[in-house]
Participant: 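Below is one structure. I have some questions about it.
Worth knowing before you read on, the calculation uses all heavy atoms, side chains too, and leaves out hydrogens, waters and symmetry mates.
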Amino acid sequence: QVQLVESGGGLVQAGGSLRLSCAASARTFSLIAMGWFRQAPGKERDFVAAITRSGGSTYYADSVKGRFTVSRDNAKNTVFLQMNSLQPEDTAVYYCAARVGGAYYLRVDDYNYWGQGTQVTVSS
């Protein structure tokens, strides 16, 4: 069982930055592939970024490539999402997700565990 708690969301002006954190309760966090997703009102939950267990490889949706950076600290059981150059279209609830084992995953259905989400609102 893995419990995930996101933090760091908030209200920011366009062009600003936020850093999301996701703390995981897991004995072997280094064996867990992690991802970030977001869901805007009335829309499906979409992939944002993924990171392999070691943190050696990362993957991004085209819409955030070059602006967002995913990283992890396995010693602290935490994954991060640094979001720069935020735009109003980035407004959504952001979720972190986990799956034990494997390399990386890009689909909602690939993940077993989800956090409660944190709201990010970008004003124009």
Participant: Given V64, which of V48, L86, D46 fulfils the side chain to side chain contact (heavy atoms under 4.5 Å, CB included) condition?
Facilitator: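 Single pass found, and it is V48.
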Participant: So, using salt bridge (Lys or Arg N to Asp or Glu O under 4.0 Å) as the criterion, who are the partners of D62 when residues are at least two apart?
Facilitator: K65
Participant: Any link between I32 and Y104 through a network of hydrophobic side chains (Ile, Leu, Val, Met, Phe, Trp, Tyr) touching at under 4.5 Å?
Facilitator: no
Participant: Could you go through F80 and V70, starting from their C-alpha distance and side-chain angles, then the distance that decides it, and tell me whether this counts as side chain to side chain contact (heavy atoms under 4.5 Å, CB included)?
Facilitator: CA-CA 6 Å; F80 305 98; V70 60; over 6 Å; no
Participant: Start with the C-alpha gap between W36 and F68, add the side-chain angles, then the distance that decides, and say whether ring-ring contact (aromatic ring centres under 6.0 Å, His included) holds.
Facilitator: CA-CA 11 Å; W36 286 97; F68 290 12; 9.9 Å; no
Participant: Please list, chain by chain and in numerical order, all residues satisfying side-chain hydrogen bond (donor to acceptor under 3.5 Å, both in side chains) with N77, sequence neighbours excluded.
Facilitator: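 Once residues adjacent in sequence are excluded, N77 has no partner under the side-chain hydrogen bond (donor to acceptor under 3.5 Å, both in side chains) criterion.
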Participant: Does L11 offer a backbone N or O that forms a donor-acceptor pair with the side chain of T121 under 3.5 Å?
Facilitator: no
Participant: How long is the gap from CG on D90 to CE on M83, to the nearest 0.5 Å?
Facilitator: 7.5 Å
Participant: What donor-acceptor contacts under 3.5 angstrom involve side-chain atoms of residues 13-31, with partners at least two apart or in another chain?
Facilitator:
unit_1, atom_1, unit_2, atom_2, d
S17, OG, N84, OD1, 2.9
S25, OG, Q3, N, 3.1
S25, OG, Q3, O, 3.4

Participant: Please report the interatomic distance OG(S71) to CG(L81), rounded to the nearest 0.5 Å.
Facilitator: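 These two atoms lie 8.5 Å from each other.
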Participant: May I ask you to test the Q116-E6 pair for a side-chain heavy-atom distance under 4.5 Å?
Facilitator: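 Answer yes - side chains close enough.
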Participant: Locate the shortest heavy-atom distance separating D110 from R107; write the atom from each residue and the value.
Facilitator: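 Taking every non-hydrogen atom into account, OD1-NH2, 2.9 Å.
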Participant: So, for V93 and Q119, which heavy atoms are closest and what is the spacing to 0.1 Å?
Facilitator: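 It is CG2-OE1, 3.2 Å.
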Participant: Hey, what do you get for CZ (R38) to CD (E89), rounding to the nearest 0.5 Å?
Facilitator: 8.0 Å
Participant: Do Y111 and R99 have side-chain atoms, one donor and one acceptor, less than 3.5 Å apart?
Facilitator: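 Side-chain D/A pair, Y111 to R99: absent.
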Participant: Strictly distance-based, threshold 3.5 Å: is any side-chain N or O of S63 a donor or acceptor partner for the main-chain N or O of A61?
Facilitator: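 Checking the backbone N and O of A61 against the side chain of S63, no donor-acceptor pair under 3.5 Å is found.
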Participant: Is there side-chain contact between Y60 and F47, with heavy atoms separated by less than 4.5 Å?
Facilitator: no
Participant: Treating Ile, Leu, Val, Met, Phe, Trp and Tyr as nodes and any side-chain heavy-atom pair under 4.5 angstrom as an edge, say whether W114 and L106 lie in one connected cluster.
Facilitator: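 Yes, it is one cluster - the side chains of W114 and L106 are joined through contacts under 4.5 Å.
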Participant: Closest heavy-atom contact between G102 and R53?
Facilitator: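 G102 and R53 have their closest heavy atoms at O-NE, 2.8 Å.
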Participant: What distance do T52 atom OG1 and M34 atom CE have between them, rounded to the nearest 0.5 Å?
Facilitator: 12.0 Å
Participant: Step by step, work out the side chain to side chain contact (heavy atoms under 4.5 Å, CB included) result for V120 and T91.
Facilitator: CA-CA 5 Å; V120 171; T91 295; 5.9 Å; no
Participant: Could you tell me the separation between the OG atom of S123 and the CD atom of Q87, rounded to the nearest 0.5 Å?
Facilitator: 10.5 Å
Participant: Applying side chain to side chain contact (heavy atoms under 4.5 Å, CB included), run through V79 and I51 and close with a yes or a no.
Facilitator: CA-CA 9 Å; V79 64; I51 187 166; 4.1 Å; yes
Participant: Cation-pi check for Y95 against R45: NZ or CZ below 6.0 Å from the six-membered ring centre and within 45 degrees of the axis, yes or no?
Facilitator: yes
